[in-house]
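Quick notes on the structure that follows.
A, B, ... follow the sequence lines: proteins, then strands. Residue 1 opens every chain. On a predicted model such as this, the values are computed, not experimentally measured, just so you know.
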Amino acid sequence: MANFEGRSLQCRRGGRDVFAGLSFVLPPGGALVLTGPNGSGKSSLLRLMAGLLRPTGGDLLWDGRSIATAPEAHAGRLHYLGHLDAVKPVLSVAENLSFWAALRGGAAAPEAALEAFALTELAALPGRLLSAGQRRRLALARLIAAPAELWLLDEPSVGLDHASVGRLAAAIADHRAGGGRVAVATHTALDLADPLRLSLDALAPPQLPEMVW
Amino acid sequence: MHRFANPARFTRIADRVLPFAAGGAVLALALGFYLALFVSPADYQQGESVRIMYVHVPSAWMAMVIYVAIALASAVALIWRHPLADLAAKASSPIGAGFAFLTLVTGSLWGRPMWGTWWEWDGRLTSMLILFFLYLGHMALMNAFEDSQRGYRAASILALVGVVNIPIIKFSVDWWSTLHQPTSVMRLDGPTIHPSMLWPLLIVALGFKLYYLTVVLLRIKSELIAARLRALDLAMVKGS
Amino acid sequence: MVSGFLLVIARDLRLALRQRADAWLAVLFFVLTAALFPFGVGPEPNLLARIAPGIIWVVALLAVLLSLERLFLADFEDGSLEQLLLSPLPLELAVLAKVLAHWLTTGLPLIAAAPLLAVLFHMDLAGLGVLLLAMLLGTPTLSLVGAVGAALTLGARRGGVLIPLLVLPLYVPALIFGVGATDAALQGFAVRPHLLLLGAVLLVMLVVTPLAGAAALRQALE
């Protein structure tokens, strides 16, 4: 199976280089754990991987082909979980979940996904009544409800209780066992088997960008 | 495409062009206005007030030309992500708005003796009013974001949507004004105009173009310097 | 792809149905604002009848304008827009789906309320059919143009105030041809050219809006 790789990626935000010369390879079944302090570009890197951001230098390749050549195909094979949960307050938990699942061609009745994050009891509850942790679990349930090869998770465990973090780790292990790959930015310890670590701290470029000529 | 993206190179080229552009603008405007005010004949119907035309008509041309220039710069900025194209669009917008405003004011002053009112909903003036609003929207959107890059990008998309819509707006306004009795005081019938009037018109138009070039180059230069200052500030913060 | 398109429409309609107050607000604004005009210009029936098409159109345009801000903003703020961009459905189609849903929940109710205003303004009801037909062709254009403005102002300072400034100048053709059609019908002139032009503007925006709207949303999410 194909590799997902980044080659000498550069990311510039607000006239300032966040990182430069960043490379990674994420093989099937692999887990890439991004570490680094706030502002080191973990979220930016995940957004680059998702295709939400375009790199200012370098390229992202799936199976040797740049993801920019077929953005919709790339979007179709990934799940991105950012800081926002995309939960509609007036839709029930089940309605929220089945919309996103159906849009990605997943199961129409995503009971298994609800079960995986212990949301079955809450299925009929409208989104506005959920706690922050429950909303996060609902967002995570999207990962299960429609299969995708690549999971991009930005601080997925924020607001989760201990049991839910365990469920997340189990879901990731399951995903990887099936050949899926995952990239995670996290501060809390997430129990992942033999992860590839990528520290972004070392990749901050010398801060005299070329704008100063 | 990125040959001119280097700020230093751009500044070098701009510095070489600027004296000619500025000098040319002064010469052309001086000559044009001399011809317009002293040499060209007064109109047998409109009298001396016809001389307003020598500002009014070239301003109207400029207002339209600059919008098209902004749209072109926007297309370049969106397709090739060329940073100088963004700056050119940003620098052009207030100048275009200025020319549109000048067109409206001179139109109003010209219309006063002709129509007896300060404002008439004449097709040309009304189109220019809408163009003026388009400029204001472009400027407002450009400056509405904390991140200047987002402002550039949003304004570029708006300029392209605007340039697609301008012919439609122009057509609809003409259609509308012919439905409600046309006022044809300001009809200029192109090439049939007498040379003694056409020459000053063209020379003033050339002067305005060179003026535009001068101001755009100056404004882009100052934007580059401001960006450099910001970058230095950032470097200082990092260094300390 | 078709099913994704329909799914987005169905979701937006369901959201609008659960928040019915929003849709009512636009219609209420439409009727209420129009009802102010007799106080402004006097209740003389002939005058009201003459200006009725213009007032109905201008007020409809303002009512649409009022509803534009929430077209993308809620989805932008809660992260749904990000997910929509990363779905297999092309963003251009998603934009079109959202605009269609917006029209169904805003433009269509306005058209339904227009006969009421025509009666209040003593409009000759012989022109009512053309008024409704023109609105049927014109209000989708209002939604389409407005969507570009709404997408461009996401994340802007004072986004809600900016939208009118961006959108109103672009509304002029729809307004001119829309009122022109109704006026022509009332005065016994040919209606067809006005309606054809209205349709042409709609077609142009059907092409422009998905492209510009999707580009605007992409840059808003960068």
Side-chain angles (χ1 to χ4, degrees), chain B residues 63 67 71 74-75 77-79 81 86 93 97 100 121 123 126-180, chain C residues 54 141 144-181 183-184 187 189 193-194 197-198 200-205 207-222:
Chain B
Y67 202 93
S74 300
L78 283 177
I79 297 169
R81 302 239 157 170
D86 282 328
S93 203
W121 289 93
T126 308
S127 298
M128 191 50 69
L129 184 67
I130 297 170
L131 184 61
F132 180 59
F133 289 149
L134 287 177
Y135 272 120
L136 293 187
H138 186 257
M139 284 156 65
L141 188 62
M142 181 82 86
N143 295 311
F145 296 90
E146 305 296 342
D147 175 8
S148 57
Q149 289 300 321
R150 278 222 48 207
Y152 295 148
R153 208 128 337 128
S156 295
I157 296 169
L158 181 69
L160 290 177
V161 173
V163 92
V164 172
N165 273 277
I166 281 175
I168 303 175
I169 293 173
K170 180 94 183 90
F171 175 78
S172 70
V173 170
D174 286 348
W175 171 275
W176 162 83
S177 72
T178 48
L179 283 182
H180 304 88
Chain C
T141 306
L144 286 163
V145 175
V148 178
L152 284 173
T153 50
L154 285 176
R157 275 174 265 146
R158 307 175 305 271
V161 194
L162 255 178
I163 294 177
L165 188 58
L166 305 187
V167 164
L168 281 178
L170 302 176
Y171 273 176
V172 167
L175 178 63
I176 287 175
F177 298 136
V179 176
D183 271 344
Q187 293 161 16
F189 293 123
H194 297 271
L197 288 168
L198 212 49
V201 176
L202 175 58
L203 285 181
V204 171
M205 286 320 293
V207 177
V208 171
T209 295
L211 296 174
L217 293 183
R218 282 202 186 91
Q219 60 91 23
L221 289 169
E222 269 206 355

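- The minimum heavy-atom distance between C:Leu162 and B:Ala140, with the atom names listed, is CD2-CB, 3.6 Å.
- Residue C:Leu175 does not touch chain B at all, counting heavy-atom pairs closer than 4.5 Å.
- Residue pairs meeting the salt bridge (charged side-chain N to carboxylate O under 4.0 Å, His left out) criterion with at least one member in residues 208-222 of chain C, sequence neighbours excluded: B:Arg81-C:Glu222, B:Arg153-C:Glu222, C:Glu92-C:Arg218.
- The minimum heavy-atom distance linking C:Ile176 with B:Trp176 is given by the pair CG2-CB, 3.6 Å.
- With sequence neighbours left out, B:Glu146 forms a side chain to side chain donor-acceptor pair (under 3.5 Å) with C:Arg157.
- Counting heavy-atom pairs under 4.5 Å between each of C:Val167, C:Leu170, C:Val208 and chain B puts C:Leu170 at the top.
- Using a 30° and 60° split on the angle between ring planes, B:Phe171 and C:Phe177 fall in the tilted class, from 30° to 60°.
- The two residues C:Ala212 and B:Ile157 have their closest heavy-atom pair at O-CG2, 3.8 Å.
- When side chains are defined from C-beta on, C:Leu197 counts as touching B:Trp175, because their heavy atoms get closer than 4.5 Å.
- The greatest number of non-hydrogen atom pairs below 4.5 Å with chain C, out of B:Leu131, B:Leu136, B:Asn165, is found for B:Asn165.
- Within the structure, salt bridge (charged side-chain N to carboxylate O under 4.0 Å, His left out) contacts touching residues 162-174 of chain B (residues at least two apart or in different chains) are B:Lys170-B:Asp174.
- How far CG of C:Leu221 is from CZ of B:Arg150: 8.0 Å, rounded to the nearest 0.5 Å.
- Across B:Gly137, B:Gly162, B:Gly151, the residue that shares the most heavy-atom pairs under 4.5 angstrom with chain C is B:Gly137.
- Contact annotation for residues 144-153 of chain C against chain B (heavy-atom separation below 4.5 Å, listed by residue number): C:Val148, C:Leu152, C:Thr153.
- Proximity to chain B (any heavy atom under 4.5 Å) is shown, for C:Ala220, by both the backbone and the side chain.
- Summarising the geometry of C:Pro173 relative to B:Ser172, their closest heavy-atom pair is CA-OG, 3.6 Å, with the distance given to 0.1 Å.
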